[in-house]
Each structure stands twice: as structure tokens, then as C-alpha cells.
A.B. asks: 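Next up is a structure, given as C-alpha cells.
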Number of protein chains: 2
Amino acid sequence: MGGFLKQNESLDEAAVRVLNKLTGLENVYLEQIQAYSEVDRDPVERTISVSYFALINKEEHDFELTRKYDAHWFNFDNLPTTIFDHPKMIRRALRRLRRKAITYPLGFELLPEKFTMKQLQNLYECILNQKLDKRNFINKVNFLNILIKLDEKDKSTSKKGAFLYKFDETQYKKKSREGYNLKIP
Amino acid sequence: MGGFLKQNESLDEAAVRVLNKLTGLENVYLEQIQAYSEVDRDPVERTISVSYFALINKEEHDFELTRKYDAHWFNFDNLPTTIFDHPKMIRRALRRLRRKAITYPLGFELLPEKFTMKQLQNLYECILNQKLDKRNFINKVNFLNILIKLDEKDKSTSKKGAFLYKFDETQYKKKSREGYNLKIP
DNA sequence: TTAAAAAATGTAAAGTTTACACATATTGAG
DNA sequence: CTCAATATGTGTAAACTTTACATTTTTTAA
């Protein structure tokens with residue numbers, strides 16, 4: 001989705017505004033990717049676009065709004081054809097997201113407050129578009145020290161139930177500053 | 001150094017133009033970092049800046065031009081105070097350069113056609129601002145397979161002389177596309 | 001002939017990553 | 001009450017990578 005920058009706002013603010021207008025979402029993680037400025041990229045008039053990616057929990061958005069603005073969700077492996085240099089933007093955003101995922105924690109933005117290891121693993125498998133080994137994944141994540149294991153279980157997906165975790169906010173923020181390397185090939 | 005974007009050029013082209021105007025350099029490696037757009041960043045008028053970093057072989061620039069435009073060179077650990085959000089831009093650029101250095105080859109842009117291992121190591125030590133172990137560095141670099149060892153020696157720095165290398169252009173380009181991880185802590 | 005100076009070279013130990021399979025807990029059905 | 005079904009939870013050995021580290025080689029100028 002796109003929009004135009006106003007006089008009294010920064011690009012970050014504009015990105016927040018446009019996203020909110022079309023989804024109703026607030027407090028979303030947004031990150032600038034880069035500026036696209038080829039002279040003829042928009043055949044009608046000179047346009048410079050600055051792209052962002054957002055981490056959204058899709059279930060939380062306002063379905064009314066997306067309907068109203070005729071916005072749609074697509075899987076990365078089933079994208080519609082897009083105009084101008086937008087395909088390039090999308091590819092670049094995905095590359096950035098993947099790099100981000102293996103070097104900084106980004107779960108807060110996308111998981112419910114309490115979640116199972118399986119859910120966390122699913123998230124990474126989606127982002128990276130590859131299957132991960134359960135045991136190795138858990139070991140890597142535990143090593144990061146950003147999760148707190150709760151006494152509760154989620155029984156919605158199995159009879160045994162799976163322990164719930166939440167993020168250790170202090171550690172999470174620390175790792176967000178420092179970064180790490182999850183070393184997923 | 002900064003400048004203004006013209007109607008008939010892209011940001012990349014503007015960056016090339018400005019750099020050339022102030023240094024006379026051509027065919028320089030330039031990479032966009034990002035757009036800075038806070039409403040009040042320039043107290044005089046609304047300005048959006050897009051920052052770039054360039055890889056320059058300093059010896060090759062036109063000294064007349066830098067003198068004419070009163071441009072100066074600074075070490076990263078001895079920077080002058082700069083206006084607006086430029087300190088942030090500089091920090092970000094350095095972070096990007098370091099990441100780049102350990103994940104993509106960037107020697108072509110900064111070394112003479114033929115160079116010694118020592119020179120290559122010096123380059124990395126400067127960029128990363130840390131001493132590297134000679135043997136480990138050589139092993140890592142050789143593993144990348146991007147160098148061709150020549151039969152010539154450079155005798156300017158020792159009586160024994162040090163073998164000269166050049167980049168294997170095909171391999172170099174391949175690695176530039178694929179990336180790698182030099183795993184320097 | 002020797003001294004000086006930088007270049008070239010290899011390995012063992014420590015640490016990390018990978019691949020891989022079975023036991024456990026729970027409950028719904030019979 | 002028992003059993004079947006199902007997803008969860010757990011550990012290790014082998015392969016690989018990284019690290020730390022010291023001596024020999026080559027050349028020439030004195």
C-alpha cells in the first residue's frame with residue numbers, strides 16, 4: 001500500500017499513518033528500506049518512493065477498512081503482478097525481513113503475549129520459507145535467553161498440551177539492540 | 001558532502017554527480033543507506049536527505065577540487081562535530097560498511113589492481129578497526145577463492161618481497177551476488 | 001658472510017553446528 | 001477402564017569450523 005508524504009510529518013510518521021488508515025493497526029513495527037528514485041519509474045510524473053516493511057499480526061487488522069480500500073493480502077509465493085518497480089521493492093523487503101529475523105528478535109510484533117515453541121518455530125519457518133529441525137531450533141532459541149517458560153499449557157492442538165512462553169522484555173530489548181546470529185543456513 | 005537532487009536524475013545519479021564534483025572521481029562504488037526526513041532536522045526549511053556511502057581510494061582524488069570546495073578527510077575516530085542529524089548518518093554508514101565488508105567482497109573498489117595479502121589485511125583492519133591474525137585471515141580469504149596469486153613480488157616493503165595477487169573477476173562477481181560470512185567477531 | 005626484516009606456512013584444541021529417534025503426557029473413544 | 005491416537009519434549013555423537021599460536025624462509029645491504 002502507498003501514500004503521499006505531508007508537509008508536517010516525517011517518512012516514518014507517514015508510513016504509520018498510511019498503514020493505520022488501511023488496517024486500523026497501531027503500534028506496529030515499521031522499518032524503512034530505501035528510496036526509489038529512477039526518473040521514469042512512474043510514467044505519469046516524477047515520483048520518489050520510500051519503502052517500508054511492517055510486521056503485522058494479520059488477524060488483528062480491521063477487516064472493514066481493508067474492504068473499504070480494496071486492500072488484499074498475498075503470499076510471497078503467489079504475488080500478483082505489480083506496477084512500476086514495486087516487484088523490486090517487494091523482493092528487497094523480503095530479503096531485509098529474512099536477514100532481520102536471523103539477527104534480531106522480532107517475535108513481539110507478531111505473536112500473542114503467550115505462545116508455544118511450535119508457534120515461534122512456525123513464525124520463523126514462514127519468514128524463512130524453510131523447515132527447521134525442532135530440537136535444533138529450540139536449542140538455538142533457548143541459548144538466546146529471551147524466553148520465559150510459563151506454568152501454563154496450551155491444549156488447543158494436542159492432548160498432551162504444549163507449554164506456553166512469553167518474552168523476557170529486558171533480555172529481548174537487549175538483544176534487539178545488540179543483535180545476534182541465529183545461523184540458519 | 002551533500003548536494004541537491006535535480007529533476008532529471010535519480011538519487012544514485014545525484015550521488016555520483018556530487019561525489020565527482022568534489023573529488024573528480026568516477027566509477028566509484030556507491031550505496032544508498034537511507035532517507036532522513038524528520039520535519040525539523042533542518043531548522044531553516046523542510047529537507048529530506050538520502051545518505052550514501054562511497055568506497056574511495058583517497059590517493060586517486062583530485063586534490064585541487066577538494067581544496068576548491070574546502071572538503072576535508074577525517075578519521076572515524078577523530079570526527080569533527082557535524083550539523084543536524086549528520087552524526088547519526090555517519091554512524092549508520094560505518095555500521096553498514098562493516099557489515100558489508102564481512103559479507104561481500106569490496107576490494108576492487110579500494111585496492112590497486114595488484115596488491116599483497118598484507119595490503120588486503122590492512123584494508124580490513126582499517127574498516128573493522130581491529131587487528132586480525134595473519135594466518136587466520138589468509139585462510140579465510142583463500143577459502144573464498146576470489147584471489148589469483150601472481151608470479152610477481154612487491155619488494156617495496158621487505159627484502160624478501162611479498163607475492164602480488166589480483167582479484168578473480170568471475171569469482172568476485174559471483175560472491176558479490178551471493179554474499180558470504182567472513183565470521184570476524 | 002652475516003644481520004636484519006618482513007613474508008610464508010600448519011596444526012592441535014576448543015567450540016559450534018548438524019543430524020537424528022524415541023519416550024511422554026493426555027484424553028476421547030470404545 | 002483400557003487403549004489408541006496425537007503432538008510434545010528431550011540428548012548426543014559426529015562433522016565441521018574457528019581459534020590460538022611460533023618457526024622457517026627469502027633476500028639484500030652492510
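Convention: sequence-line order gives letters A, B, ...; per-chain numbering from 1. Because only heavy atoms are used, hydrogens play no part in the values below, and waters and symmetry mates are left out as well, while side chains stay in.
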A.B. asks: Given C/dA25, C/dA8, C/dG10, which nucleotide is nearest the side-chain atoms of A/Lys153?
C.D. replies: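 For the A/Lys153 side chain, the nearest candidate turns out to be C/dA25.
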A.B. asks: Applying side-chain contact (heavy atoms from CB on, under 4.5 Å), name anything that partners B/Ile102, two or more places apart in sequence or on another chain.
C.D. replies: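 Only B/Leu128, B/Leu182, B/Ile184 meet the side-chain contact (heavy atoms from CB on, under 4.5 Å) criterion with B/Ile102.
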A.B. asks: Quick one, which residues of residues 113-124 of chain A touch DNA chain D with a heavy atom under 4.0 Å?
C.D. replies: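 When residues 113-124 of chain A is checked for heavy atoms under 4.0 Å from DNA chain D, the hits, listed by number, are A/Lys118.
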A.B. asks: Could you please name the option among C/dA7, D/dG11, D/dG9 that lies closest to any side-chain atom of A/Arg135?
C.D. replies: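 Selected nucleotide: D/dG11.
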A.B. asks: Could you give the OH-to-C1' distance, from A/Tyr165 to D/dG9, as a whole number of Å?
C.D. replies: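 Value for this atom pair: 9 Å.
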A.B. asks: For the CG atom of A/Leu111 and the CG atom of A/Asn122, what is their distance to the nearest 0.5 Å?
C.D. replies: 9.5 Å
A.B. asks: Quick one: does any side-chain atom of B/Asp62 pair with a main-chain N or O of B/Leu65 as donor and acceptor, under 3.5 Å?
C.D. replies: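 Present.
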A.B. asks: Pairs under 3.5 angstrom, nitrogen or oxygen only, protein versus nucleotides 27-30 of chain C, please.
C.D. replies:
{"from": "C/dT27", "atom 1": "OP1", "to": "A/Lys155", "atom 2": "NZ", "distance (Å)": "3.4"}

A.B. asks: Please answer whether the main-chain N or O of B/Met89 pairs with a side-chain N or O of B/Ser51 as donor and acceptor at a distance below 3.5 Å.
C.D. replies: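 Such a contact is absent between B/Ser51 side chain and B/Met89 backbone.
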A.B. asks: Among D/dT8, C/dT9, C/dG10, find the nucleotide with the atom closest to the side chain of B/Asn136.
C.D. replies: C/dG10
A.B. asks: Has A/Lys183 got a side-chain N or O lying under 4.0 Å from the OP1 or OP2 atom of C/dT17?
C.D. replies: yes
A.B. asks: Of the listed nucleotides (C/dA7, D/dA22, D/dG11), which one gets closest to any side-chain atom of B/Thr157?
C.D. replies: C/dA7
A.B. asks: B/Asp70 pairs by side-chain hydrogen bond (donor to acceptor under 3.5 Å, both in side chains) with which of B/Arg67, B/His72, B/Lys68?
C.D. replies: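 Among B/Arg67, B/His72, B/Lys68, the one that satisfies the side-chain hydrogen bond (donor to acceptor under 3.5 Å, both in side chains) with B/Asp70 is B/His72.
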A.B. asks: Which nucleotide in the list D/dT8, C/dA8, C/dA19 gets nearest to the side chain of A/Lys134?
C.D. replies: D/dT8
A.B. asks: Choose from D/dG11, D/dT26, C/dT9 the nucleotide whose nearest atom is closest to any side-chain atom of B/Lys160.
C.D. replies: D/dT26
A.B. asks: Does B/Ser10 offer a backbone N or O that forms a donor-acceptor pair with the side chain of B/Glu13 under 3.5 Å?
C.D. replies: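 Judged by distance alone, yes, a pair lies under 3.5 Å.
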A.B. asks: So do the side chains of B/Asn145 and B/Asp168 get within less than 4.5 Å of each other, counting heavy atoms only?
C.D. replies: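 Side-chain contact under 4.5 Å: no.
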A.B. asks: Just wondering, do A/Phe167 and A/Lys175 contact through their side chains at under 4.5 Å, heavy atoms?
C.D. replies: no
